[in-house]
Student: 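To start, I am sharing the structure in question, which I have written as structure tokens.
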Amino acid sequence: MLKKRIAMGILAGLLACSFIAGCGGGDKGTSEPPKPKPIAADLKDLPNKDVKVGINTFKLFTLKNNPNLHLQNTYSKGMRVAVIGRDMIYANVKDRLVQMQWDKDGLRMLDNNVDALSGNAKISSDGTRGIFYTNKRMRLNYFDSETKRIEEAQGRFNNLVVIPKGNADKALIWMNQGEIRKVDLRNGYRVGKDLGTVRKESRSRDADDKDKINIPQSVVADRNGDFYVGGNARIGTQDVGLVSVYDFNGKQKRVIGKEKREDSKAINSLTDIALTDEYLVVSDSSVDKQQLQIYRKNTGTLVGTVSYKDLTDNKETSIGACVNLANMPDNRVLVALSNDRKNIKDEFFILQL
């Protein structure tokens with residue numbers, strides 16, 4: 001009788017273990033890495049390769065640099081490239097606004113001097129037809145890619161990012177270290193009523209504020225009204241990169257990044273940021289990292305990294321190499337790698353996430 005009870009106990013234990021393990025291997029289904037998305041028709045003729053990011057595999061497509069562009073982004077400034085619609089690319093090249101288009105043969109120059117820019121001007125897209133930028137007279141301008149007209153958006157120096165929420169009739173404006181303010185947009189481009197501060201300047205924030213970014217390198221607004229501020233912060237005696245996330249009304253939601261540079265997951269020197277539906281992409285152009293860091297944007301969890309060398313088929317990159325990023329439709333990110341060498345032309349990629 002005792003032996004029978006022992007046998008029944010062992011059997012019950014085995015059944016319990018089987019249930020906890022997932023009823024015959026259910027965990028295997030959740031641990032399998034996601035498969036890459038099918039290649040879209042407009043990308044199928046471009047050279048491509050797989051890139052591993054954590055357990056994920058994404059596609060990286062190469063755009064041939066036919067115009068032999070050199071961004072020469074010596075100071076690793078953000079927001080030097082922007083995309084309108086599916087295929088229109090703009091860039092700040094030697095303080096000139098340049099207009100290009102991409103197709104299966106790579107980049108094609110349309111206008112190598114749309115307008116003269118102020119030094120290290122940031123450019124941004126309204127997502128549909130136009131580009132905002134600061135001209136050499138330090139005025140905020142708007143270039144309409146359909147009419148080819150240049151309009152004054154505001155009679156002063158400011159950076160501007162459209163908030164693609166609802167009718168996209170709101171925008172964010174800021175000056176270097178200054179506060180970020182929300183404004184109305186009239187006729188799609190003209191700065192109108194000031195709706196107030198949504199992010200204070202660095203000197204006005206409380207000491208315990210988690211947003212310690214001094215000068216924003218890149219500001220990107222999401223379709224739900226959230227906006228992401230990427231930049232570098234001086235914490236103690238060290239500089240680190242951080243991304244602060246705010247909602248439409250300016251309430252801080254989270255800060256992405258590590259405050260200690262010795263943390264292996266820290267962003268050492270943030271150059272640029274971009275968004276997809278699911279991910280935040282950060283370029284870290286520090287000499288000791290030179291990589292893209294990809295996060296789940298809703299949690300701030302680091303998914304994985306892609307080194308600049310992996311972008312270029314493991315070729316060497318120079319000490320001054322940096323990467324600029326821009327949002328594209330269909331969960332794509334434009335990646336522009338500048339080696340900061342006159343004898344090496346910049347490289348352009350589309351990262352499908």
Side-chain angles (χ1 to χ4, degrees), residues 27-38 40 50-61 78 83 127 161 163-165 199 210-213 216-233 240-248 250-261 263-286 289-308 310-311 323-335 349-353:
D27 277 353
K28 292 181 180 179
T30 58
S31 63
E32 288 181 1
K35 295 180 180 179
K37 296 178 181 178
D50 291 341
V51 289
K52 289 286 291 183
V53 181
I55 65 168
N56 300 278
T57 300
F58 300 122
K59 282 289 185 184
L60 183 76
F61 299 86
V83 179
V161 168
I163 303 174
K165 175 183 171 68
R199 178 183 180 267
K210 293 182 179 180
D211 181 353
K212 301 185 184 303
I213 296 169
Q217 286 282 17
S218 185
V219 177
V220 182
D222 208 352
R223 288 184 297 182
N224 66 352
D226 290 352
F227 63 95
Y228 293 64
V229 181
N232 297 301
V240 294
L242 298 172
V243 180
S244 298
V245 187
Y246 293 82
D247 70 11
F248 184 70
K251 181 181 179 181
Q252 189 179 117
K253 299 179 72 171
R254 72 187 68 86
V255 175
I256 299 171
K258 303 296 182 181
E259 291 192 359
K260 295 185 177 180
R261 195 178 176 92
D263 192 310
S264 62
K265 295 182 179 180
I267 305 165
N268 287 358
S269 181
L270 186 148
T271 297
D272 220 341
I273 63 175
L275 295 175
T276 68
D277 289 346
E278 189 174 354
Y279 299 105
L280 162 71
V281 183
V282 175
S283 59
D284 182 343
S285 297
S286 60
K289 286 205 169 179
Q290 290 194 341
Q291 64 187 18
L292 302 181
Q293 299 192 188
I294 300 177
Y295 300 83
R296 294 199 182 279
K297 69 179 187 183
N298 292 332
T299 63
T301 303
L302 180 64
V303 177
T305 63
V306 181
S307 73
Y308 291 0
D310 287 339
L311 296 175
V323 162
N324 281 109
L325 306 168
N327 291 359
M328 298 183 77
D330 302 324
N331 293 308
R332 302 171 186 175
V333 173
L334 177 69
V335 180
F349 310 92
I350 296 174
L351 179 60
Q352 177 74 71
L353 295 175

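Counting begins at 1 with the first residue of the sequence. Just so you know, these numbers come straight off a predicted model, no measurement behind them.
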Student: Who are the ring pair (Phe, Tyr, Trp, His ring centres under 6.0 Å) partners of Phe248, not counting sequence neighbours?
Tutor: none

Student: Closest heavy-atom contact between Ile213 and Ser244?
Tutor: CD1-OG, 3.7 Å

Student: For the atom pair OG (Ser286) and CZ (Arg261), what is the distance rounded to the nearest 0.5 Å?
Tutor: 6.0 Å

Student: Got a donor-acceptor contact below 3.5 angstrom from the Gln352 side chain to the Asp330 backbone?
Tutor: yes

Student: To the nearest 0.5 Å, how far apart are CG in Leu334 and CD1 in Ile350?
Tutor: 7.0 Å

Student: Has the side chain of Arg296 got a donor or acceptor atom that lies under 3.5 Å from a matching backbone atom of Val303?
Tutor: no

Student: Taking all non-hydrogen atoms of both residues, which atom of Lys212 and which atom of Ala233 are closest, and how far apart?
Tutor: O-CB, 3.0 Å

Student: Which value, rounded to the nearest 0.5 Å, describes the distance between Asp284 atom CG and Lys289 atom NZ?
Tutor: 6.0 Å

Student: Check for a donor-acceptor pair, side chain of Lys297 on one end and backbone N or O of Thr276 on the other, with a separation under 3.5 Å.
Tutor: yes

Student: Quick one: OG1 on Thr299 to CD on Glu278, what's the gap to the nearest 0.5 Å?
Tutor: 9.5 Å

Student: How many angstroms lie between NZ in Lys258 and CG in Leu242, if you round to the nearest 0.5 Å?
Tutor: 11.0 Å

Student: Give me the atom names and distance for the closest heavy-atom approach of Asp211 to Val255.
Tutor: N-CG2, 4.0 Å

Student: Can you spot which of Ile294, Leu302, Leu270, Thr271 makes a side chain to side chain contact (heavy atoms under 4.5 Å, CB included) with Val282?
Tutor: Leu270

Student: Can you check whether Phe227 reaches Ile163 side chain to side chain, under 4.5 Å on heavy atoms?
Tutor: no

Student: Considering non-hydrogen atoms only, spot the tightest contact between Tyr295 and Lys265 and give its length.
Tutor: OH-O, 4.0 Å

Student: What are the two closest non-hydrogen atoms of Pro216 and Val229, and how far apart are they?
Tutor: CB-CG1, 3.8 Å

Student: How far apart are the C-alpha atoms of Gln293 and Val243, what are their side-chain angles, what is the distance that settles it, and do they pass the side-chain contact (heavy atoms from CB on, under 4.5 Å) test?
Tutor: CA-CA 12 Å; Gln293 299 192 188; Val243 180; over 6 Å; no

Student: Tell me which one of Leu353, Ile273, Leu275 satisfies side chain to side chain contact (heavy atoms under 4.5 Å, CB included) with Val281.
Tutor: Leu353

Student: Could you state the interatomic distance from CG (Leu292) to CG (Leu325), rounded to the nearest 0.5 Å?
Tutor: 6.0 Å

Student: So, Tyr228 and Ser218: side-chain donor and acceptor under 3.5 Å apart, yes or no?
Tutor: no

Student: Determine whether a donor-acceptor pair (N or O, by modelled atom type, separation under 3.5 Å) exists between the side chain of Asp272 and the backbone of Ser283.
Tutor: no

Student: Write down the atom of Asn232, the atom of Asn268, and the distance for their closest heavy-atom approach.
Tutor: OD1-O, 4.4 Å

Student: Out of Leu351, Asn298, Val333, Asn56, which one pairs with Tyr279 under the side chain to side chain contact (heavy atoms under 4.5 Å, CB included) rule?
Tutor: Asn56

Student: Test Leu311 against Val306 for side-chain contact (heavy atoms from CB on, under 4.5 Å), laying out the working first.
Tutor: CA-CA 7 Å; Leu311 296 175; Val306 181; 4.1 Å; yes

Student: Could you work out, with side chain to side chain contact (heavy atoms under 4.5 Å, CB included) as the rule, every residue matching Asp247, not counting sequence neighbours?
Tutor: Asp226, Asn249, Lys251, Lys253

